[in-house]
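Take a look at this one; I'll ask things after.
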Amino acid sequence: MAQFWHPSWRQIVLGLALVRTAWDVAAALRRRGPWTRALLPGILGVEALLSGQAHRPWILGATAGALEAFFLFLLWRGLAHAPSGSWPEETVAKALGEFLPPAVARLAALEGVLLAGAFRFLFRGWRRPLPGGFSYHRSSPLGTLLPVLPLLMLADVFLLEVLLRRVPTAWRLGIHALGLYSLLWLVGLWASWRSRPHQIRPEGVILHKGLFKRLELETTDILDFRALPDFHDDWDRHAALKGAHRLEATRDSLWELRLATPAPGIGPFGPVRARDRVVLSVDDPGAFLDALRRAGAPLPS
């Protein structure tokens with residue numbers, strides 16, 4: 001840590017923070033962004049100025065703790081007070097967007113909602129009835145892998161303790177924390193797949209890939225729904241999926257929707273380019289096809 005805050009690094013960080021602060025202030029003056037976006041780079045600049053002080057660790061710890069508590073507050077408020085029918089990550093991203101660039105705010109919101117979903121799922125969330133719709137999580141091997149991951153993680157901790165026994169304790173704890181975080185991330189991903197199935201409604205079709213992608217389509221724009229053939233290798237797979245919205249939860253048993261007009265989607269960083277093909281997973285394709293026909297999709301017989 002001391003090497004990172006070497007004077008040369010301090011000057012670089014200070015310069016970048018000043019540039020970003022000036023950029024955000026100029027954007028606020030032109031009414032292209034809120035004034036609050038200059039707060040975080042300003043704090044980073046102050047930290048760089050104080051990096052040579054003896055009390056720096058206390059200042060860094062207090063600042064990091066305050067920012068983390070503030071983020072958790074915004075996350076809690078977004079999850080608890082999201083308007084009915086809205087997506088909680090959108091509410092959290094809107095609040096974080098007052099302090100962060102839009103793409104960064106959305107990514108941070110997704111991460112927070114994903115981890116919140118992991119804890120909700122672990123604390124008896126698996127006993128809740130699944131929401132209505134067309135699931136796709138059962139076709140994924142992730143569901144089979146998750147119960148085994150804690151045992152693998154214990155073996156991994158033991159192995160790392162043997163291999164890294166001469167590494168400082170703080171580094172070892174950090175590596176174990178990353179492993180635990182990875183496990184929670186996978187649980188949150190699985191929980192988001194369970195809680196966000198595909199929906200076919202009178203007003204249109206909503207397709208999901210958990211928290212990380214969402215498409216809203218007009219039913220009358222869906223021209224075809226067919227199974228994709230098995231791929232001989234990864235090159236064939238890449239060629240077949242190129243240029244399509246990818247909502248797959250498994251490598252096999254994929255289905256394709258062809259659209260009359262290209263439709264945009266919502267990805268981790270916001271809107272994504274419109275495309276006229278959608279590759280997705282669905283556990284019961286027969287029921288999904290029947291529902292599309294009942295909803296008025298002009299599918300071939």
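For the numbers below, each heavy atom of this structure counts, side chains included, while hydrogens, waters and symmetry mates do not. Since the model is a prediction, treat every value here as computed from it, not as a measurement.
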Do R293 and L289 have side chains that get closer than 4.5 Å, going by heavy atoms?
-> yes
Quick one: side chain to side chain contact (heavy atoms under 4.5 Å, CB included) partners of L142, sequence neighbours excluded?
-> S140, L146, L186, L189, W190, W193
Would you say L72 and F123 are hydrophobically clustered, going by side-chain heavy atoms of ILVMFWY under 4.5 Å?
-> yes
In chain order, what residues pass the side chain to side chain contact (heavy atoms under 4.5 Å, CB included) check against L115, with sequence neighbours excluded?
-> Y181, L184
List for me each residue that meets side chain to side chain contact (heavy atoms under 4.5 Å, CB included) alongside A26, sequence neighbours excluded, and say none if there are none.
-> R30
Under 3.5 Å: donor-acceptor pair, side chain of H245, backbone of A263 = yes
Between G97 and P34, what is the shortest heavy-atom contact and its length?
-> O-CG, 4.1 Å
Could you tell me whether the side chain of I222 reaches within less than 4.5 Å of the side chain of V278, counting heavy atoms only?
-> no
The remaining residues in the hydrophobic cluster of L223, counting side-chain heavy-atom contacts under 4.5 Å among Ile, Leu, Val, Met, Phe, Trp and Tyr, are none
Taking only Lys NZ, Arg NE, NH1 and NH2, and the carboxylate oxygens of Asp or Glu, determine whether R277 and D224 approach each other closer than 4.0 Å.
-> no
For R37, check side-chain hydrogen bond (donor to acceptor under 3.5 Å, both in side chains) against everything at least two apart and list the hits.
-> none
Should the heavy atoms of other residues, nucleotides or ligands under 6.0 Å from NZ of K94 be counted, would the total exceed 12?
-> no
Say whether V187 and F119 are linked into one hydrophobic cluster, either directly or through other cluster members, by side-chain heavy-atom distances under 4.5 angstrom.
-> yes
Least distance between heavy atoms, H137 atom then D283 atom | N-OD2, 3.5 Å
Kindly indicate whether the side chain of S139, heavy atoms from C-beta on, has any atom under 4.5 Å from the side chain of S281.
-> yes
What residues form a side-chain hydrogen bond (donor to acceptor under 3.5 Å, both in side chains) with T21, not counting sequence neighbours?
-> none
State, yes or no, whether a side-chain contact exists between F71 and L96 at a heavy-atom distance under 4.5 Å.
-> yes
side-chain hydrogen bond (donor to acceptor under 3.5 Å, both in side chains) involving R138 - partner list, sequence neighbours excluded | S135
Residue set satisfying side chain to side chain contact (heavy atoms under 4.5 Å, CB included) with P101, at least two apart, ordered chain then number -> R20, V104
Look at the side-chain heavy atoms of Ile, Leu, Val, Met, Phe, Trp and Tyr, link any pair under 4.5 Å apart, and say whether L107 and W185 land in one connected group.
-> no
Min side-chain heavy-atom separation R226-R258 under 4.5 Å = yes
Please round to the nearest 0.5 Å and tell me the distance separating atom CZ of R275 and atom NZ of K242.
-> 10.0 Å
Non-hydrogen atoms of P197 and G132 that approach each other most closely = CG-O, 3.4 Å
Heavy atoms of A191 and G117 approach each other most closely as CB-O, 3.9 Å
Co-membership, hydrophobic cluster, residues L257 and V205, 4.5 Å side-chain = yes
Any side-chain heavy atom of R294 within less than 4.5 Å of one from D290?
-> yes
For V272, the hydrophobic cluster (side chain heavy atoms closer than 4.5 Å, chained through members) also holds none
Judged by atom type as modelled, is there a donor-acceptor pair below 3.5 Å linking the side chain of Y136 to the main-chain atoms of G210?
-> yes
To the nearest 0.5 Å, how far apart are CG in L110 and CD in E90?
-> 8.0 Å
From OG1 (T250) to CG (L280), nearest 0.5 Å = 12.0 Å
Applying the 4.5 Å side-chain criterion to the ILVMFWY set and letting contacts propagate, would L217 and V279 be lumped into a single cluster?
-> no
T36 side chain to E98 backbone, donor-acceptor under 3.5 Å | yes
Reported CZ-to-CZ distance for the pair R246 and F212, which is rounded to 0.5 angstrom | 15.0 Å
Are any side-chain N or O atoms of E89 and backbone N or O atoms of G112, one a donor and one an acceptor, separated by less than 3.5 Å?
-> no
Pairs where residues 255-301 contributes a residue and the test ring pair (Phe, Tyr, Trp, His ring centres under 6.0 Å) is met, not counting sequence neighbours = F134-F288, F225-W255, F225-F288
Closest non-hydrogen contact found for A109 with A93 is CB-N, 3.5 Å
Check step by step if side chain to side chain contact (heavy atoms under 4.5 Å, CB included) holds for R237 and L228.
-> CA-CA 10 Å; R237 177 186 175 85; L228 288 179; over 6 Å; no
Between CD on residue E248 and NZ on residue K209, distance to nearest 0.5 Å | 4.5 Å
Measure the shortest side-chain to side-chain distance between V113 and W87 over non-hydrogen atoms and say whether it is less than 4.5 angstrom.
-> no
Pairing residues for W76 by the ring pair (Phe, Tyr, Trp, His ring centres under 6.0 Å) criterion, not counting sequence neighbours = H81
Pairwise distance CD1(I266) to CZ(R106) - rounded to 0.5 angstrom = 6.0 Å
Quick one: side-chain hydrogen bond (donor to acceptor under 3.5 Å, both in side chains) partners of D236, sequence neighbours excluded?
-> H232
